[in-house]
Amino acid sequence: MEKKSFYITTPIYYPSAKLHIGHAYCTTIADAIARYKRLSGFDVFFLTGSDEHGQKIQQKAEEAGITPIEYVDKIVAGFQDLWKRLNISNDDFIRTTENRHYRVVQEVFRRIYAKGDIYKGEYKGLYCTPCESFWLERQLVDGKCPDCGRPVKEVSEEAYFFKISKYADRLLKYIEDNPDFIQPISRRNEMINFIKQGLEDLCISRTSFDWGIPVPIDPKHVIYVWFDALTNYLTPIGFLDDPAKFKKYWPADLHLVGKEIVRFHTIIWPIILMALDLPLPKKVYGHGWLIVDGDKMSKSKGNVVDPIGLIEEFGADAIRYFLLREINLGQDGNFSRDALITRINSDLANDLGNLLHRTLNMIGKFNDGVLGNPGPLQLVDKALIDVAKDTVIKYKQLMDNMQLSDAIKLVWTFIGRSNKYVDETMPWALAKDSAKKDELNRVLYDLAESLRIVSILIIPFMPDTAQKIWKELNLPGAIKSSSIDDTKWGGLPISLKVNKPVQLFPRIEVEETQPEAENIQLAKKKTTKDVNVMNADNIGIIGIEDFSKMDLRVVEITAAKSVPKTEKLLEIMVDMAGEKRTIVSGIAKFYTPEELIGKHVILVANLKPAKLRGVVSHGMLLAASKGNELKIVEVDMPVGSRVK
Ligand code: MSP
């Protein structure tokens with residue numbers, strides 16, 4: 001029988017800058033769903049890619065003094081490297097600058113034009129370049145872009161328009177008749193309200209720059225970047241050249257997108273498809289945003305978290321686990337290093353790591369590493385098996401419903417239950433009594449079987465760890481060819497010789513440091529050498545390459561106040577050549593806020609932001625101290641000067 005297909009997509013990311021942890025979050029969700037669907041027997045097509053045209057990219061390339069294609073080539077290579085490191089299992093990667101996409105976009109334009117749904121006119125209105133969005137005066141919030149809060153600018157140019165107003169009633173009816181189309185429900189309601197306020201025809205070409213796909217009938221125009229980008233979902237599945245493939249995968253089962261771009265995917269995209277007489281995607285899911293230490297990520301705040309650094313430090317699976325476990329899909333969620341370390345230590349090193357370690361250790365110690373014939377089931381064993389069976393049933397329901405975080409919690413409840421089973425059955429006591437050999441074999445079998453089931457259930461979230469557990473248990477075949485049906489209790493072969501225990505996740509030690517950052521926590525792995533952490537006790541020789549990593553800048557203190565309920569801390573605002581920063585510094589005993597204002601001081605500008613008493617500090621001021629004396633380093637140089 002032919003497998004059922006499942007087509008899932010992420011947004012295609014703008015290569016205007018490197019991707020951050022928020023982008024990695026979206027792609028990780030899609031990857032977990034794609035892996036779960038493969039495990040459930042679907043023929044999955046998982047697509048991600050890059051959205052490379054538009055005014056913003058052209059401007060960035062101009063600023064960098066290179067051509068747009070040179071600019072995007074480099075950044076897109078970084079995207080692909082990130083997805084590899086994060087173990088993303090996409091089946092294709094679409095770049096909108098590829099010829100195969102170019103052909104599709106022009107054909108889509110041609111077909112809709114031939115139908116009479118595109119006409120030429122004059123666009124006069126407002127445009128947000130960072131979001132590549134057109135806005136009406138009434139849609140602005142405080143005169144700014146309602147999506148990103150940045151200023152919009154007036155544009156006036158000849159343009160082609162797409163008659164989306166013509167389709168508004170049909171779209172509204174479709175959304176109302178298909179409650180699953182837009183999820184979660186809150187986004188659905190937002191879209192219904194948006195459409196009810198009236199849809200204006202959409203400007204779909206630009207003439208004030210040329211980095212885009214030319215309008216086929218009028219090449220001095222380039223096609224509006226969102227019209228170009230949305231059609232990416234048609235390109236790799238054979239829209240123009242492989243009807244069988246297209247039939248198999250279209251309509252898409254799931255477009256996973258961030259909440260601010262639901263509007264494009266549930267208004268413009270379905271109307272393009274209606275104009276092409278194609279069926280609409282089955283579901284558009286708008287996930288929430290990842291914020292960092294309670295704050296939206298932005299370059300100017302200096303709190304953008306680079307996923308590559310985290311993967312190098314903690315491993316891809318730990319990051320994937322954290323993102324999927326900690327955040328509920330539809331809501332905004334917080335990323336913090338402390339929370340990540342807590343999860344690694346408690347859930348991964350402790351709960352899962354311990355279960356594997358103690359199980360293999362006991363099989364090794366009591367049975368020479370071989371699983372013997374298990375004795376008959378007793379009540380205590382049946383209770384564990386019931387939980388295992390129940391876990392699998394509920395897991396499937398939650399995963400089918402995209403409740404990934406709840407599914408993970410459920411698996412961890414089962415892991416906890418298995419750890420409790422060890423305490424209940426006390427295998428070390430059974431091992432002392434040769435008459436209890438069958439009972440001991442039963443316990444060891446049940447534990448190894450629980451781990452086998454866990455390893456399959458965590459494939460979508462932590463594929464490498466799943467594989468490692470599989471290997472440690474010395475199970476035959478490859479875990480990747482497993483199916484969700486293999487989670488049925490009793491699949492573990494008897495007489496299996498398991499491997500010696502390994503440490504799945506090393507515990508991360510957390511140290512408290514003094515004095516400026518009273519409560520910053522520095523994390524280090526027990527297993528790695530402590531080369532990056534400096535305090536009074538371990539200052540060592542560094543090379544010039546270490547020193548040159550520091551971005552030391554002259555800044556001016558523009559405001560200061562004490563941090564409530566602390567004796568030592570001041571919250572200091574500084575100006576760094578147009579960029580404003582907030583610094584929390586432990587100098588309240590040495591300076592009053594007033595006497596700091598106007599001073600030109602030195603800031604360690606690229607220090608990782610840290611939260612101190614609820615205030616995020618973006619950098620550190622240099623100060624000299626001896627005994628009870630402290631003076632911040634002042635320098636008579638213009639703001640923004642580099643100290644080297
Ligand atoms: N290029 C468009 C998408 C076109 S799809 C046909 C775009 N690109 S983007 O790079 O700006 O954003 C891509 C996705 O990343 C969006 O879904 C956006 O919501 C998501 N995220 C960007 N920052 C994010 C967080 N901080 N948290 C979660 N997702 C975030 O929009």
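All ligand and atom numbering here is 1-based and tracks the order in the structure.
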Students should be able to answer this: which protein heavy-atom is nearest to atom 18 (C) of ligand 1, and at what distance? Glu260 OE2, 3.2 Å

Distance-only criterion, 3.5 Å: show the donor-acceptor pairs between side-chain atoms of residues 102-109 and protein atoms not counting sequence neighbours.
unit_1	atom_1	unit_2	atom_2	d
Gln106	NE2	Pro214	O	2.8
Glu107	OE1	Arg110	NH1	3.1
Glu107	OE2	Arg111	NE	2.9

To check your reading of the model: name the closest protein heavy atom to atom 6 (C) of ligand 1, its residue, and the distance in Å. Tyr233 OH, 3.5 Å

Pairs of nitrogen or oxygen atoms closer than 3.5 Å, one from His265 and one from ligand 1: do any exist? no

Please say whether Ile261 places an N or O atom under 3.5 Å from an N or O atom belonging to ligand 1. no

Assess the side chains of Thr207 and Glu158: does a donor N or O sit below 3.5 Å from an acceptor N or O? no

Nearest candidate to atom 28 (C) of ligand 1, where distance is taken over non-hydrogen atoms, out of Ser298, Ala24, Gly22, Ser16: Gly22

Could you check whether any side-chain N or O of His618 sits under 3.5 Å from a backbone N or O of Lys301, counting only pairs where one atom can act as donor and the other as acceptor? yes

Taking Arg206 for its side chain and Val222 for its backbone only, find out whether a donor-acceptor pair lies under 3.5 Å. no

For atom NZ of Lys580, is the number of surrounding heavy atoms from other residues, nucleotides or ligands below 6.0 Å larger than 12? yes

Atom 17 (O) of ligand 1 sits nearest the protein heavy atom Gly258 N, 2.8 Å

Residue and atom name of the nearest protein heavy atom (relative to atom 14 (C) of ligand 1), distance in Å to one decimal: Tyr13 CE2, 3.6 Å

Cationic tip of Arg35 above Phe461 ring, under 6.0 Å, 45° of axis: no

Once the angle between the rings of Tyr249 and Phe45 is folded into 0 to 90°, is it parallel (under 30°), tilted (30 to 60°) or perpendicular (over 60°)? tilted

Between ligand 1 and Asp51, is the shortest N or O to N or O distance under 3.5 Å? yes

Nearest non-hydrogen protein atom, atom 23 (N) of ligand 1: His20 CE1, 3.3 Å

Lys37 to Phe6 six-membered ring, cation-pi geometry met (6.0 Å, 45°): yes

Using a strict 4.0 Å threshold on nitrogen-to-oxygen distance, state whether Arg263 and Glu190 make a salt bridge. no

Answer yes or no: does an N/O atom from Leu290 fall short of 3.5 Å to an N/O atom of ligand 1? yes

Which of the atoms in ligand 1, numbered in the order shown and given with their element, are less than 4.0 Å from a heavy-atom of Ala229? 6 (C)

Students often mix this up, so state it plainly: with edges at 30° and 60°, are the rings of Trp83 and Tyr13 parallel, tilted or perpendicular? tilted

Counting each atom of ligand 1 from 1 as listed, which ones have a heavy atom of His287 under 4.0 Å away? 28 (C), 29 (N)

Is there a polar contact, in the sense of an N or O pair closer than 3.5 Å, between Tyr14 and ligand 1? yes

Looking only at heavy atoms, is any part of Met297 under 4.0 Å from ligand 1, and if so is it the side chain, the backbone, or both, or is it neither? side chain

Where is the nearest protein heavy atom to atom 20 (C) of ligand 1: which residue, which atom, and how far? His23 CD2, 4.2 Å

Have a look at Trp226, Phe227, Trp269 and point out the one with the heavy atom closest to atom 4 (C) of ligand 1. Trp226

Which is it for Phe264 and ligand 1 at heavy atoms under 4.0 Å: side chain, backbone, both or neither? neither

Quick one: look up the protein heavy atom nearest atom 3 (C) of ligand 1 and list residue, atom name and how far away it is. Ile12 O, 3.2 Å

Quick one: sort the Tyr25 and His287 rings into parallel, tilted or perpendicular, breaks at 30° and 60°. perpendicular

Does Leu230, backbone or side chain, put an N or O under 3.5 Å from an N or O of ligand 1? no

For the pair Asn232 (side chain) and His101 (backbone), establish whether a donor and an acceptor sit closer than 3.5 Å, ignoring hydrogens and angles. no

